[in-house]
Protein chains: 2
Amino acid sequence: MSSASPSTVSLVTTPTPRPKRATVHDVAVEAGVSRGTVSRYVNGERYVSASAREAIEAAILKVGYVPNTAARNLVMQRSQAVGFIVHEPHSLFVEDPNIGEILLGANTALSEADYQMAVLIVDSERDTERVARYLSGGLVDGVIIVSARAYDPISRVVERLNLPAAYVGHPPGASTASFVTIDNRGSARAITERLAATGRRRIGMIAAALDRDSGADRLAGFTEALGDRFDERLVEPVALYSYSAGRDAMQALLERAPDVDGVFAASDAVAAGAMEALRAAGRRVPDDVGVVGFDDSAWAKRTLPGLSTVRQPAAGLGRQAALLVLGQLRGEAGAQEVQLESEVVWRDSA
Amino acid sequence: MSSASPSTVSLVTTPTPRPKRATVHDVAVEAGVSRGTVSRYVNGERYVSASAREAIEAAILKVGYVPNTAARNLVMQRSQAVGFIVHEPHSLFVEDPNIGEILLGANTALSEADYQMAVLIVDSERDTERVARYLSGGLVDGVIIVSARAYDPISRVVERLNLPAAYVGHPPGASTASFVTIDNRGSARAITERLAATGRRRIGMIAAALDRDSGADRLAGFTEALGDRFDERLVEPVALYSYSAGRDAMQALLERAPDVDGVFAASDAVAAGAMEALRAAGRRVPDDVGVVGFDDSAWAKRTLPGLSTVRQPAAGLGRQAALLVLGQLRGEAGAQEVQLESEVVWRDSA
DNA sequence: TGCAGTTCTGTGAACGTGCACAGTTTCGAG
DNA sequence: CTCGAAACTGTGCACGTTCACAGAACTGCA
C-alpha cells in the first residue's frame, strides 16, 4: 500500500492487513454534511436536500463506502439473517434432492428480501448444542425448519426464544407455529386410486419415515384409498426415504407376498430402489408389477420406465416457508398454515 | 400467549416482543463484579479469582446470559462467518451430488472451528451484484469458492477486498489464491488406460465443462493415455456435467461412430446418461461397450451394471478448502495448493 | 413584519462488547 | 517489616451505526 523506502524493511506482523473501511463519518466529512444526513440518505429516508444528496453520492463513490453490518445489527437489534435448519443425517442431505430444492427456493425468496441464509445441519448431539447456542446468540432473526421430528430439542429452543419460525411439514408436538405442507394424505389417496384403476388386485406399499407427518400421512392416504381391500401384510415400513431402503424392502415384500402386482413407494428414491429389486427378481415394470412413487424428483425421470408419481413443489415449499418467516418479521399475524397444490404425474411405470 | 382479561383488549403493535436479553452488565451487577471481569471469564482469559468465577457462573445461569454476537463482531472487526460461493445454475446445484458433499464437508470443518457458513449462490447478473455487496459488507471473514469460471467477477471482488479465500478447483485467471484439487489429469489418464487394457479398440470420450479446469484436465488425461490411438472424432463435448447432456451426446456419438466400443464420460451423471442412450440403442454394457465415469458419486452405485469410475473425495475437498481459509484467518502464510488423492474404483460397466 | 408550518440539518446518546490501562490486593523473599 | 512482582479488578474509550431531539432555514399567508 505504502511504498516502503528501500532502506527500511517493515515486517508486517498483522495477519491480514485488510484495508480499513470507510465509515459514515468519512463520507460525512468528505461531503461536508453530518452523519445523520448521510444515514438518512443511505436508508432512503425523507428530508435530504438535493444538494446534500449529490454531495453524498459523490463522496460515497470517492471513499468507497459500504455500511458496516455489524454496527447496524447492533443498534437495530436484528441480524438480517434467517437460519435454515435441516434435521437429517448428512448422507440424506446429499441423496434427497428435495432438500436441495427446498433450500434453493428459500434462499431465493430470502435474497430478494435482502436477507441472508445461514445453513444449520443438525446430525449429532454436539450439533444440537452448537445450533442452540447459535440461535441464542441473536445471529438470526428467524428460522426455517425442515424435517423436524417429534420431540425435537431444537424446536423447543426456538419456541423458548420466541423466534419467528416456519416449518416445512407439520411442526412436531402441540406447537402453534406456522408451517407449509402439501396434502400428503390426499395425494397418496389419489395416486393409489389411480394405480388401482389400472386393474391391480394386490397392491402393497413401502412406507417410510413413519415418525414424520409426511410418512404417516402417505400411509394413511394409501389405507384410505384401498378401503376394505387393504391388506396389512402388504405394507413394508422403512426408516428413511432412501434408495437402498426401497430396494431391501421390495425384496422382503416379494418374499412375503410373491403375488403383489402393484406398489406405492413413499418416495421416488424408494421407488427407484424397489424397481431395481423387481428387475433383479425378474419382474417386469409395469407388465408384472405397477410402481408409483412420490415427489417427482430427479429420480422419477431417471428410472426406466419413467416413474408415475406425485409432483411435489419442493422449491415452492422452501419459498413459502421463507415468505412466512419474512411476514412474521414484518410483524404480521401469528401462526399460518399454507398448503401447496400437488398433482399426479402419470408416466409408464404403472 | 398472554391470557387477555375480557374487559381490556390490549392490541400489541410491536412486531415481536422478544424478551430483552441479558448483557454482560447485568451479569456483572448480579455477581457483584465489574464488566471487565465478566468479559475475561467469558473469553477464558487469566486473572479471574475463584470466588469471582463462582459468582459469575451463578449469575450467568440466573440471568440467562448469552454474548451478543453483533456487538462482539463490531468491536473485534470480524464476523466469525465464511461465505460458500457456488457459481452454478440452480438446477445443477440440485442435480450434482458433488456440490452437496463439498458443502457438507466445508460446513463440518467450519462448525468445528466455531465458524458459521453463509451460502451464496450466483446464478444471474443480479446475484453477482448482490453477492459483491454482501462480501463488501464485512459479513464474512473469508470465502470458499466452488466452480468459478474464467473471468469471474466475484473472484475479482474477493481479490480487491483482500479477503482470505480458497478455491475448490483451480482459481481462474492468474490469481495467486489458495486452492484444493484432485489430479484430474492423472486420474483421467489412469482410468482410460485401465479401460484400454480391457481390449477396447475404439475408445471415445464425452467431455464436459471444457471452460473449467476440471473438464479440460480430464480431456487432457484422456488424450495422453491414448497417445497415437487418439481419434479426435470420437470426442463429444457438452457444456455441463449433467445426465441429459450425457444421454444426448452418446446418441450423437453412436451415430457418428457406430463402431465405438469404449466410452470415458467426464462425470458419473454423464456416464449414467450415456448408459441410458446405449441401452436405448440396443448396446449391452459392458459386453458391447465399456463405460467408465468420474466422481464415484451416488450415480455410480445406482447404474446397472455398477459404474467403474474415479473416486473423488468430495467432502474432503470441502473440508480442505475450509481448513485453508481458517488457516489464513489465523494469519498463516499465503497461497497454498493442496492435492487430494483419488483412486480408480473398478466395477462392472467396463 | 410576524408567525406558523414544513423541510432540512447537526449533535449527543445509545447499542453491547473487548481492550488498554491504572489501580488494588496478595504473597514470598530478603 | 519492606519491597517488588505477580495476581487480580475496575473504568473509560472505541467500534460504526441509528434514532430522538433541538434547532435552523425556508415557505406561504395574514
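Quick note: numbers below take in every heavy atom, side chains included, and nothing from hydrogens, waters or symmetry partners. Chain A is the first sequence line, chain B the second, and so forth, proteins listed ahead of strands; every chain is numbered from 1.
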*asked:* Whole angstroms only, please: what is the CG-C1' distance between A/Asn68 and D/dT17?
replied: 8 Å
*Under a 4.0 Å heavy-atom cut-off, which of residues 50-67 of chain A touch DNA chain C?*
A/Ala52
*Sequence-distant partners of B/Val131, side chain to side chain contact (heavy atoms under 4.5 Å, CB included), two or more places apart*: B/Leu120, B/Val122, B/Leu135, B/Ile154
Do any N or O atoms of the protein come closer than 3.5 Å to N or O atoms of nucleotides 19-27 of chain D, and which pairs are they?
none

*Is there side-chain contact between A/Tyr115 and A/Leu329, with heavy atoms separated by less than 4.5 Å?*
yes
*Any salt bridge (Lys or Arg N to Asp or Glu O under 4.0 Å) pairs touching residues 65-79 of chain B, not counting sequence neighbours?*
none
*Taking only residues two or more places apart in sequence or in another chain, which ones pass side chain to side chain donor-acceptor pair (under 3.5 Å) with B/Thr128?*
none
*Any chance the side chains of B/Ser79 and B/Asn73 put a donor and an acceptor closer than 3.5 Å?*
no
*asked:* Less than 3.5 Å apart, any donor N or O on the side chain of A/Tyr47 or A/Thr37 sitting next to an acceptor on the other?
replied: no
*With sequence neighbours excluded, what pairs up with B/Arg53 under the side chain to side chain contact (heavy atoms under 4.5 Å, CB included) test?*
B/Tyr41, B/Val48, B/Ala50, B/Glu57
_d(OH, B/Tyr47; P, D/dG10) in whole Å_ = 16 Å
*Grab the OH-P distance between A/Tyr41 and D/dT17 for me, whole Å please.*
15 Å
*Partner residues of B/Ala165 under the side chain to side chain contact (heavy atoms under 4.5 Å, CB included) criterion, sequence neighbours left out*: B/Val143, B/Val158
*According to the side chain to side chain donor-acceptor pair (under 3.5 Å) rule, which pairs have a member within residues 59-70 of chain B, sequence neighbours left out?*
B/Glu30-B/Lys62
_Sequence neighbours excluded, every pair satisfying salt bridge (Lys or Arg N to Asp or Glu O under 4.0 Å) that has a member inside residues 110-122 of chain B_ = A/Arg133-B/Asp114, B/Glu112-B/Arg319
*List in chain and number order the residues that pass side chain to side chain contact (heavy atoms under 4.5 Å, CB included) with A/Ala315, two or more places apart in sequence or in another chain; answer none if no residue qualifies.*
A/Glu101
*Just report the end-to-end axis angle for the helix from C/dT1-D/dA30 to C/dG30-D/dC1, five pairs per end, to 10 degrees.*
50°
_Residue whose closest nucleotide on DNA chain D lies nearer the 5' end, B/Ala71 versus B/Ser49_ = B/Ser49
*Which nucleotide span of DNA chain C, 5' end to 3' end, has atoms closer than 4.0 Å to non-hydrogen atoms of chain B?*
C/dG16 to C/dC19
*asked:* Less than 3.5 Å apart, any donor N or O on the side chain of B/Ser111 or B/Thr108 sitting next to an acceptor on the other?
replied: no
_Under 4.0 Å from OP1 or OP2 of D/dG10: is there any side-chain N or O of B/Ser34 that close?_
yes
*asked:* When you measure from the side chain of B/Gln116 to the backbone of A/Val119, do you find a donor-acceptor pair of N or O atoms at a distance under 3.5 Å?
replied: yes
*Under 4.0 angstrom between A/Thr23 side-chain N/O and D/dC15 OP1 or OP2*: no
*Value in whole Å for how far the C1' atom of D/dG16 lies from CZ of A/Arg21*: 9 Å
